[in-house]
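Accompanying notes for the structure given below.
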Amino acid sequence: MTVAAQTLPASEAEERSSGDRQVQVTGGGRRAVLTTPLTYALLAVIAIIYIFPFLIQIATSFKTDSDAANNPVSLVPANWTTATYETLFGGGLDFPLWAMNSIIVTVCVTIGRVLFCSMAGYALARLHFRGRGVVYAGIIAVMAVPGVVLLIPKFLVVNQLGIYDTYAGMIVPLLVDAAGVFIMKNFFESIPVSVEEAARIDGAGVFRTFWSVVLPMARPAVITLVILAFQGSWNELSHFVVSAQDPDLYTLTKGVATLAAGGQGQAQQFPLKLGAAALMTIPVALMFFAFQRKIMSTAEGAEKG
Amino acid sequence: MSSRGSGNIRGRESVAGWLFTAPALIILGLFLALPVLMAAWVSVSDWRGQGSPFSSSVGFVGAENYRGILSEEGGLQTRDFGTALRNNFWYVVLVVPTQTALSLFLAVLVNKKALRGRGFFRTAFYFPSVTSSVAIVILFLFLFAGGGAVNRALSWVGINGPNWFADPRGVLHVILGVFGVDEAPGFLADNSLLSLSWWDWLAGPSIAMSALILLAVFTTSGTFMLLFIAALQNLSGEVQEAALLDGASGWQRFRYVTLPLVRPTLFTVLTLGLIGAWQVFDQIFVGTQGGPAKTTITPAYLSYTSSFLNNRWGQGAAIAFILFAIIVVLTVIQRWVLRERTTVPKRKRFVPADTAAVGSTR
């Protein structure tokens, strides 16, 4: 409240409020300040509830099985062990292979989505061609179809095309994301046409203009797309469940999921599972912290648009 | 742009337009539109997963698959589908309002300008949303294990926690049991829908499902919080200030100033939440595989097991279509209901009908 009052240009403030009102506003500000200790306490409690599970996850991955079972809340392992990570990287598990597959899929999907979504978004925003309205309506319609409903249908097509149990089957269906097209279209509509017009008048072809003028200008939206595509494909599970069954093609999500299902009933092996879960979270966490500011305002921008 | 274009440029643009959209169109068509048509055929065929569903040996069975799911009295498939619907229904009923209320609450809390550490709190609340469902489910399996962290924490306040993921008791049944109602009253036990007695429909979510409900709220509240923050930032401080000057209390300001202004976002969050909550799959696949006692099977998961594990592809596809229909219908109903109620605010309910009508056409 006080910050707002300070940043208000003096003339504007004078114009809009009498001195009497100013006093009132400060009064309101004081009331707001009074409520803060309670707000902070509440926020702190909620924040602990949100963060603590992840701390437990990391701590437990350094515990022994019995320690994890006996002291599930403790953040300090009774006797530190890196057995979890030795098993994951050196033991009988294919963890490195799963990580490799996840990286392959994520890189391909991210590149594909950036390229294809920005091309389609650009065409829908800027190029005039017959059928544009229909194409746009189609893409919006596709966005409305819930993904889980498509599990069996996707398998049918992948199987019919003969790409079941291949990287192609895992990657190609994810290469375009209707929401990504939508984001890029909105972005291109929000930037002025003058620069590309200049390029076009200078005789550059449509593709040249797109590649060397438009795409570099679209950097903020491209970063948004990269974040969404990376996070989406790294965390994807259901599509990989229906598009492949070969253990050599397991991604981290699928591999770790089998790990989770396998140990039930018998020895729980929670340190191992939690260690694997923690490791697979690292790339998205890094991505998140690197682009934190961007991600927070991305959602805001998307909602405005 | 149109005023400038010569025929030549227009022609080139047309070609370029189609070239630029071609990859997106081909992939979306091939992997989103075409599959729906193929699945429509499979849902009325007797394909069992061998060979191509389009080979001549596959027969047309009409609505047989749908009948098997929806109206085979006493049939296992009907009962499973009824159970899945029941489970997911309670899941939706609890998840959607809770995550919406919590995310709005968090957004209002962290949107205060004077708040120190806003960034930290936002990060903390949003972080669960970026991690993979697989990792979160594993974490919850550990936290909610019989002797896990949650029960340990509950024991500090004297509560003896259940063995969450192994407990098939319905929460409502448990509550009724506390009041001495342990058996179904006659009419509830005798009547059934989709081969599931009314009493079973009223079981509420199982204890195991409740843990998954908490998981869903934990992971989605951050995302929706961001949407609400965006909406709150669009509100001008002046309106809040004016309300403050008028002596409105904190709750009044929230109810009569903030809430009406974030209404469009509220629509979005409720709709997205509803659509998402009917699609629970990952959590079941990784965490419970439908157990205990089938109390966590959902239509999405049942569609998967029917097809991939039991080779009843026709029924699996039929379940997917029914689920699609449910989502579409509920979304339409929800939008309609919310629009009616919110365009005519409570305090205006008693104004003459024509005034109200003017209000609702806005």
Side-chain angles (χ1 to χ4, degrees), chain A residues 1 3-4 24-25 28 39 43 47 50-51 53 56-57 69 72-73 116 119-120 122-123 127-130 132 135 142 145-146 148-154 156-157 160 173 175-176 178 181 193 206 231 235 237-238 253 256-257 260 270 273-274 277 280-281 284 288 292 296 299-300 303-304, chain B residues 1 12-14 16-18 20-21 23-24 27-28 30-32 34-36 38-39 42 52-53 109 113-114 121-125 128 130-135 138-139 142-143 147-149 152 226-227 230 237 241 244-245 275 279 281-282 286 289 300 303-304 307 316-317 320 323-324 327:
Chain A
M1 185 70 53
V3 177
Q24 291 266 8
V25 169
T39 314
L43 278 170
Y50 272 77
I51 295 169
I56 290 184
Q57 180 178 41
V73 190
F116 295 148
M119 280 168 64
Y122 177 69
L127 302 178
H128 296 259
F129 59 99
R130 193 168 296 173
R132 188 172 81 160
V135 170
V142 157
V145 179
V148 156
V149 168
L150 289 168
L151 277 187
I152 294 175
K154 266 189 185 166
L156 295 173
V157 168
Q160 194 74 20
L175 281 181
V176 174
V181 177
V193 279
V206 178
Q231 200 183 313
N235 290 342
L237 169 67
S238 55
T253 43
V256 177
F270 269 120
K273 296 176 196 170
L274 289 171
M280 73 186 285
T281 309
V284 277
F288 171 64
Q292 195 177 356
M296 294 299 185
E300 293 166 9
E303 172 62 11
K304 277 174 203 159
Chain B
M1 189 179 270
R12 276 200 342 234
E13 258 193 36
S14 207
W18 283 106
F20 272 51
T21 45
I27 290 173
L28 291 177
L30 207 53
F31 295 103
L32 284 164
L34 179 66
V36 172
M38 286 175 76
V42 169
S52 163
L109 279 188
K113 288 217 167 54
F121 288 121
R122 287 185 191 190
T123 304
F125 301 151
V130 300
T131 57
S132 99
S133 54
V134 177
I138 290 177
L139 181 54
F142 178 67
L143 294 176
R152 203 55 72 89
L226 286 192
L227 296 186
E241 233 171 71
L244 205 60
L245 292 180
I275 293 172
Q279 297 192 59
F281 175 81
D282 289 11
V286 180
Q289 289 86 44
S303 140
Y304 165 78
S307 306
L323 178 61
F324 190 15
I327 293 174

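First the proteins, then the strands, lettered A, B, ... as listed; each starts at 1.
In terms of heavy atoms, A:I152 sits closest to B:A317 at CD1-N, 3.8 Å. Of all heavy-atom pairs between B:P23 and A:V176, the closest is O-CG2, 4.1 Å. Contact detail for B:G147 and A:P72: the closest heavy-atom pair is O-CG, 3.3 Å. Nearest heavy-atom pair across A:A257 and B:V134 is N-CG1, 3.9 Å. Among all heavy-atom pairs drawn from A:A260 and B:V286, the shortest one is CB-CG1, 4.0 Å. Between B:T131 and A:V284 the shortest heavy-atom distance is CA-CG2, 4.5 Å.
Residue contact with chain A, scored on non-hydrogen atoms closer than 4.5 Å, involves the side chain of B:I27 exclusively. Residue contact with chain B, scored on non-hydrogen atoms closer than 4.5 Å, involves the side chain of A:V142 exclusively. For B:L143, the part lying under 4.5 angstrom from a heavy atom of chain A is the side chain only. Proximity to chain A (any heavy atom under 4.5 Å) is shown, for B:F324, by both the backbone and the side chain. Contact annotation for A:I56: only side-chain heavy atoms (C-beta onward) come within less than 4.5 Å of a heavy atom of chain B. Both the backbone and the side chain of A:T253 come within less than 4.5 Å of a heavy atom of chain B. Heavy-atom distances place the side chain of A:L150, and not its backbone, under 4.5 Å from chain B. If you measure heavy-atom distances from A:I51 to chain B, the contacts under 4.5 Å come from the side chain alone. Residue contact with chain B, scored on non-hydrogen atoms closer than 4.5 Å, involves the backbone of A:A69 exclusively.
Ranked by heavy-atom pairs under 4.5 Å with chain A, the first of B:L30, B:V42, B:V130 is B:V130.
In this structure, B:F20 and A:Y122 have tilted ring planes: the angle between them lies in the 30° to 60° band.
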For this session: Applying side-chain contact (heavy atoms from CB on, under 4.5 Å), run through A:Y50 and B:T123 and close with a yes or a no.
Result: CA-CA 10 Å; A:Y50 272 77; B:T123 304; over 6 Å; no
For this session: Please assess B:D282 against A:S238 for the test side-chain contact (heavy atoms from CB on, under 4.5 Å), listing each intermediate value before the final yes or no.
Result: CA-CA 7 Å; B:D282 289 11; A:S238 55; 4.1 Å; yes
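Listed for the A:Q57 side chain is no donor-acceptor partner under 3.5 Å among the backbone atoms of B:L139.
Atom CZ in B:F281 sits 6.5 Å away from atom CG in A:L237 (nearest 0.5 Å).
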